[in-house]
Amino acid sequence: MSLLGKNVAANNLAGKRAVITGGSSGIGADMALAFAEAGAEVMITGRREPHLQKVADQHNRVDFAVVDVTDEAAMVALFEKIGRVDIVIANAGAAESAPFAKTSFEQWQRMLNVNLSGVFLTLREGLKQLNDGGRMIAVASTAGLKGYAYVGAYCAAKHGVVGLVRSLAAETATRNITVNALCPGFTDTPLLAASVDNIVAKTGQSAEQATSHFESINPTGRLVTPAEVTATALWLCGPNSGAINGQAISISGGEV
Ligand code: NAP
């Protein structure tokens, strides 16, 4: 069947309701504005109210709720309040680094809580409200597909997200619900800026040196942009992507 004349660009989300965790900055904020522009009603969440407000102020189809993804009761209440949805994007996450032998149990648990348990709660509560034919996406990382030194807890959590997505995808396929993981390489966001600051503080390198270290890991020699991650999410939520299910999609210029 020819696609000529059909809406193959994933730009018509009119009437769809989307929830995006971690919408107060970076990739989640970029996604929120693009999904709203494509016609969806978007609810973003995060802990920092002023940042959420600033994103919501930029589009009349973006609303926000202050919710910590690691708080089970708050996540249950959030989705009960929102009601039926068509798109759930578990994007909230955080990265901390430490040599493995110096990784405290608290840090290990912090990384698993926000990056894995937060995704679990988002997808579990989101699924309860998801319409048949809905789309779920978890923003994992290339750190969910390969190992990087000094971020063992983050890598373990992101590998866990990929496993969770594969399992859930098998469970929901008969309802035409797809569940996929996005695996960006190093992406130009405040999270990466914090990692650069950390390297500067710990090694005495300049910010330019630290940034070019991350750029050099990507075969294209540059950072991934939030818009490139958003474009993949829009495509997955579009009308012709229903057969893409249980995948971990690398958005890394070929690093993975
Ligand atoms: P970012 O700008 O720091 O965004 C992280 C978002 O997560 C913020 O909106 C933050 O909101 C939210 N968040 C963090 N902890 C939370 C919590 N406990 N409860 C609720 N929200 C929480 O960084 P980003 O790069 O866009 O990160 C988005 C996702 O992409 C993360 O899962 C990250 O692991 C992943 N990723 C990033 C890169 C990269 O190089 N940047 C690469 C691969 C994957 P509040 O602070 O307001 O709570």
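Each ligand, and each atom within it, is numbered from 1 in the order the structure gives. The figures here come from the full heavy-atom set of this structure, side chains too, leaving out hydrogens, waters and symmetry mates.
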I need the atoms of ligand 1 closer than 4.0 Å to a non-hydrogen atom of Phe186, numbered in the order shown.
40 (O)

Nearest to atom 45 (P) of ligand 1 by heavy atom, Arg48, Arg110, Met75, Met111: which?
Arg48

Looking at side-chain heavy atoms only, is the closest gap between Thr203 and His213 below 4.5 Å?
no

Give me the residue, atom name and distance of the protein heavy atom closest to atom 2 (O) of ligand 1.
Ser25 OG, 2.7 Å

Kindly determine whether Asn176 and Asp132 satisfy side chain to side chain donor-acceptor pair (under 3.5 Å), including the steps that lead there.
CA-CA 6 Å; Asn176 289 318; Asp132 286 358; over 6 Å; no

Is the Phe186 ring parallel, tilted or perpendicular to the Tyr148 ring (thresholds 30°, 60°)?
perpendicular

May I ask you to identify the nearest protein heavy atom to atom 33 (C) of ligand 1, giving residue, atom name and distance to one decimal place in Å?
Tyr154 OH, 3.6 Å

Going by the atom numbers of ligand 1, which of them fall below 4.0 Å from some non-hydrogen atom of Gly26?
2 (O), 26 (O)

Atom 23 (O) of ligand 1: the protein heavy-atom neighbour that sits closest, reported with distance to 0.1 Å:
Leu191 CB, 3.1 Å

Which residue and atom name correspond to the protein heavy atom nearest atom 26 (O) of ligand 1, and how close is it?
Ile27 N, 2.8 Å

Could you tell me the residue and atom name of the protein heavy atom closest to atom 44 (C) of ligand 1, and the distance to it rounded to 0.1 Å?
Ala140 O, 3.1 Å

Quick one: does ligand 1 sit under 4.0 Å from the side chain of Ser195, the backbone, both or neither, non-hydrogen atoms only?
neither

Does Glu125 reach the side chain of Leu78, with side-chain heavy atoms less than 4.5 Å apart?
no

Nitrogen or oxygen of Thr70 less than 3.5 angstrom from that of ligand 1:
no

Any side-chain donor paired with an acceptor under 3.5 Å for Ser252 and Ser250?
yes

Which ligand 1 atoms are under 4.0 Å away from a heavy-atom of Val139?
29 (C), 30 (O), 32 (O), 35 (C)

Derivation of the side chain to side chain donor-acceptor pair (under 3.5 Å) call for Thr230 and Asp30
CA-CA 7 Å; Thr230 295; Asp30 191 79; 2.6 Å; yes

Polar atom proximity, Val69 to ligand 1 (N or O, under 3.5 Å):
yes

Do Val69 and Phe79 belong to the same hydrophobic cluster, where Ile, Leu, Val, Met, Phe, Trp and Tyr are linked whenever their side-chain heavy atoms lie under 4.5 Å apart, directly or via other members?
yes

Based purely on interatomic distance, does Gly22 place a nitrogen or oxygen under 3.5 Å from a nitrogen or oxygen of ligand 1?
yes

Taking heavy atoms and a distance under 4.0 Å, where does His51 meet ligand 1: side chain, backbone, both or neither?
neither

Can you list the atoms of ligand 1 that are under 4.0 Å from a heavy atom of Gly23?
9 (O)

Protein heavy atom at shortest distance from atom 31 (C) of ligand 1
Asn91 O, 3.2 Å

Between Thr21 and ligand 1, find which residue part has any heavy-atom pair under 4.0 Å and reply side chain, backbone, both or neither.
neither

So which heavy atom in the protein is nearest atom 18 (N) of ligand 1, and how far is it from that ligand atom?
Asp68 OD1, 2.9 Å

Nearest protein heavy atom with distance in Å, relative to atom 42 (C) of ligand 1:
Gly185 O, 3.2 Å

Do any nitrogen or oxygen atoms of Arg47 lie less than 3.5 angstrom from nitrogen or oxygen atoms of ligand 1?
yes

Test item: side-chain donor near acceptor, Ser25 and Arg48, under 3.5 Å:
yes

Taking a cutoff of less than 4.0 Å between a non-hydrogen atom of the residue and any ligand atom, is Leu52 in contact with ligand 1?
no

With atom 24 (P) of ligand 1 as the reference point, say which of Thr187, Thr189, Val114, Ile89 has the nearest heavy atom.
Thr189

